[in-house]
Structures are given as C-alpha cells and as structure tokens.
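Here's the structure, in structure tokens; my notes come after.
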Number of protein chains: 2
Amino acid sequence: MSVPPEEAAKDVFEVVPIIMREIRSVMRSKRPPVLTVPQYRALSFVDRNAGASLLDVANHLGLTPPSTSKLVDGLIGHGLMTREEQPVDRRRLKLAVTDRGHKDMIAARQGTLAYLTDRLRNMDEGDREVIARAMKALHLIFTGNPKIGERWG
Amino acid sequence: MSVPPEEAAKDVFEVVPIIMREIRSVMRSKRPPVLTVPQYRALSFVDRNAGASLLDVANHLGLTPPSTSKLVDGLIGHGLMTREEQPVDRRRLKLAVTDRGHKDMIAARQGTLAYLTDRLRNMDEGDREVIARAMKALHLIFTGNPKIGERWG
DNA sequence: AATAATTAGTTAGAAGGGCTAATTGTTAGA
DNA sequence: TCTAACAATTAGCCCTTCTAACTAATTATT
C-alpha cells in the first residue's frame, strides 16, 4: 500500500505534538533540578562541545542569538554553565558546563529516557523497529544529517 | 535485528524535539494570522467539539485549568473564540470557534501540512510507509487511542 | 433550610521561550 | 584609517505553563 506524503504529514502533525508534550512534562517534573527542554538541549550540546560560542549553540538549537543569550543567562544564573572571555577573539564566548550542570543534564536525560523506554517496552518488537527506522528517516530529512545517536556516546 | 526499547527511546527523544521545533516555527510564521501550536490545538478541539467546557479543553491539551483559561482568553481577545454562559450549569462555559477562528485554524493547518508534506515528498516511499506506521504505533501507546486522523475528517 | 464539600473557572505572580529591532564592542579588509 | 562585518547583548513584545489562592455555583449532608 502506498502512503502519499500528505498522509504521512498528517500523521506526523498529529502525533509529534502529543509526544513532545509528554517529553516536556517528564523533563520538567524532575525536581530538583528542573530543566526545560531547551535548557537540556543547550546543556547537552555544550557538554559535548566545551568552549562552544553562543552562535554555535544558537545554530544547533535553531534559535536566534538573542533567544540563546537569554537561555544561557538562565543556565548561568542557576550555576549550570559558565561564560568565559576568549583572549583570541574577544567577541566570541567560551561556554562550558559546570559539574552541577552536567549532573542535572544526566538526571534529566535519564529520567526522560526511562519514561520513554517504559512506554516503548510493552509493544510489539516489530513496532519498535518501525519506530527506530522512522526516526532515522525523519532525522535525515529534517537535519540533513544521516547520523543519529552520536549525542549519546 | 532486534531493537531494544532503550534504543527506540533515544531515537524518539532525539528526533521529536527537532520536528516539533519545525512545526512551531512554520505555524508561527504565517502572518497574518499567527497561531501558536497550543492556540491551534485549542481551536481545533473546540471546532470539533462545539460547546466544550474549559476543562474539556484543558484535559484534551494536557494543560492545567489556569493555563487553559489564559490561552482561551487570548483566543477570545483575538476574536477567534467565544465564551458563553450556560443556563443549565452556570459554572460551566460553552466555548465556540468564530468564523474567523475557523478560517485561521484551517490556514494554520494547511500551511503546516504543506510544509511537512513538502519535506516528506522527496523521500523513499518505503520510508514514508514506515513513518506512517510508526506514528500510528506511537499514537496508540501515548494516547491509548488506536484511531488516528479522525481530527482531519 | 443551613451548612459543608465539591466543582468550574479565574486571578495573581513567577519563570521561561521566542521573536525583531537596535546597540555595543571587536575584528578584518579596502 | 575607516568602514564593513561579526558576536553578543539589551530592550520590548507576546505567549506558555506552572502553583497558589480565590470566587461563584452546585450538590450532598445533616
């Protein structure tokens, strides 16, 4: 049976927001610490790319520089990230995750993954394979990057 | 090859936020009108369930009553929804979508679907089928409802 | 009928998310 | 040098979502 792009689009549009709400809810419910999804994503990126600049983070998150600046502000305010000046190019920041930021990030990740894993446990193994394949295909068309999972080491 | 729930969870956790950001971005970029995702979802629900109460909307969206109240406030302020009193139970609201609300909702939906459709067009047909199947499986485990797509008539 | 408990919805206040436009400093180039 | 480009921030806007505390209306209890 052939699936036209219109139908797949409708399915994605209906299901993705539902799952996203779950993810957000789980991630924000860990307390303390409380991490929002963008905060988690920023921490995770800087954790893997120590010394990243603000624009690096903005590009990775798909946010504008001002939004990212505010986001980083909040993380620094909570002691989860640091902002350093670089002697090489004083315009460019050097962001880094603190120990506490690293721990909070890991906690948020594990909590969310545990929840999702639990949800995915009681289903047909074939369905799980379909989901994994679908996610890889979606990742490719939405990011252009065929690699997935590298953020997980 | 077997896909353990942990792996599928990681894939979902990585990809869903990316797609969601795209959806949000596209939906908010139509101007005028500008509808956010929660605004769209509230309109869409009330459009299909005229006379719904605030709690009906809150439950459907997975939001608290105060959040929903504020959300509805905004929609009414923009002339997209109406709030009526019911003589039967004067505590219970009767929400309805205005003509303009209906039109804006359709416009937001079509714009977003057009974008997603476009993205999904240039891919292997087999991948599209995998995506459609994955979305149906995910919909079932996250909502308990096997039916999908009814919202699209 | 009077009182208590529940239910529907709102208000207030907080922290965050995301944008555009305008600004400050810094570096590189003609 | 002087200008253009760049990195980041500030200001100001509106939306999201929560908890806590509240009002008003209904139902249940005595």
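In what follows, every chain begins at residue 1, and chains take the letters A, B, ... in the order their sequences are listed.
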Using a heavy-atom cut-off of under 4.0 Å over every strand shown, decide if B/Pro65 touches base, sugar-phosphate, or nothing. base
Indicate, with a heavy-atom threshold strictly under 4.0 Å, whether A/Thr68 touches base, sugar-phosphate, or nothing. nothing
Choose from C/dT27, C/dG9, D/dA8 the nucleotide whose nearest atom is closest to any side-chain atom of A/Leu54. D/dA8
State yes or no: are the ring centers of A/Phe13 and B/Tyr40 separated by less than 6.0 Å? yes
Quick one: does A/Lys70 reach the base of C/dG18 with a side-chain donor-acceptor pair under 3.5 Å? yes
If you check every side-chain atom of B/Asp73, which of C/dT11, C/dT27, D/dT17 has the closest atom? C/dT11
Across the strands shown, which category fits A/Pro66 at heavy-atom distances under 4.0 angstrom: base, sugar-phosphate, nothing? base
Do any side-chain nitrogens or oxygens of B/Arg83 fall under 4.0 Å of OP1 or OP2 in C/dT10? yes
What integer distance in Å separates A/Leu95:CG from D/dT9:P? 8 Å
Ranking C/dT11, D/dA7, D/dA25 by distance to the side chain of A/Arg91, first place goes to D/dA7
Rounding to a whole Å, what distance do you find between A/Leu61:CG and C/dG16:P? 16 Å
Would you say that B/Leu43 contacts B/Leu75 through its side chain, given a criterion of any heavy-atom pair below 4.5 Å between the two side chains? yes
For D/dT16, take OP1 and OP2 only and decide whether either is under 4.0 Å from a side-chain N or O of B/Ser67. no
Output the rounded distance in Å from CG (A/Leu71) to P (D/dT9). 11 Å
Which whole-number value in Å describes the distance from A/Arg90 CZ to D/dA8 C1'? 13 Å
Is B/Thr64 close enough to D/dT19 that one of its side-chain N or O atoms is under 4.0 Å from OP1 or OP2 there? no
Position toward the 5' end of DNA chain C (nearest nucleotide), A/Glu85 or A/Pro38: A/Pro38
Out of D/dA8, D/dC15, D/dT10, minimum distance to the side chain of A/Leu55 belongs to D/dA8
In whole angstroms, the gap separating C1' of D/dC18 from CG of B/Leu63 amounts to 10 Å
Any carboxylate oxygen within less than 4.0 angstrom of a Lys/Arg side-chain nitrogen, looking at B/Arg28 and B/Glu22? no
note: B/Gln86, atom CD; D/dT26, atom C1'; distance rounded to Å ~ 13 Å
Counting the atoms with a prime plus P, OP1 and OP2 as sugar-phosphate, which does B/Arg21 contact under 4.0 Å by heavy atoms, base, sugar-phosphate, or nothing? nothing
When you check the gap from the basic side-chain N to the acidic O, do B/Glu85 and B/Lys94 get nearer than 4.0 Å? no
I'd like to know if A/Glu84 and A/Arg90 make a salt bridge, using a cut-off of under 4.0 Å between side-chain N and carboxylate O. no
If we only count heavy atoms from C-beta on, is the B/Ile141 to A/Asp127 side-chain gap below 4.5 Å? no
A/Thr36 has its side chain closest, among C/dG18, D/dT9, C/dG16, to C/dG16
DNA chain C nearest-nucleotide lookup for A/Val37 and B/Lys94: closer to the 5′ end is B/Lys94
C/dT10, OP1 or OP2 - any side-chain N/O from B/Ser69 closer than 4.0 Å? yes
In whole angstrom, give the distance that lies between atom CG of A/Asn59 and atom C1' of D/dC6. 13 Å
Rounded distance (Å) that lies between atom P of C/dG9 and atom CZ of B/Arg92: 6 Å
Would you mind telling me which of C/dG9, C/dT26, D/dT26 lies closest to the side-chain atoms of A/Asp89? C/dT26
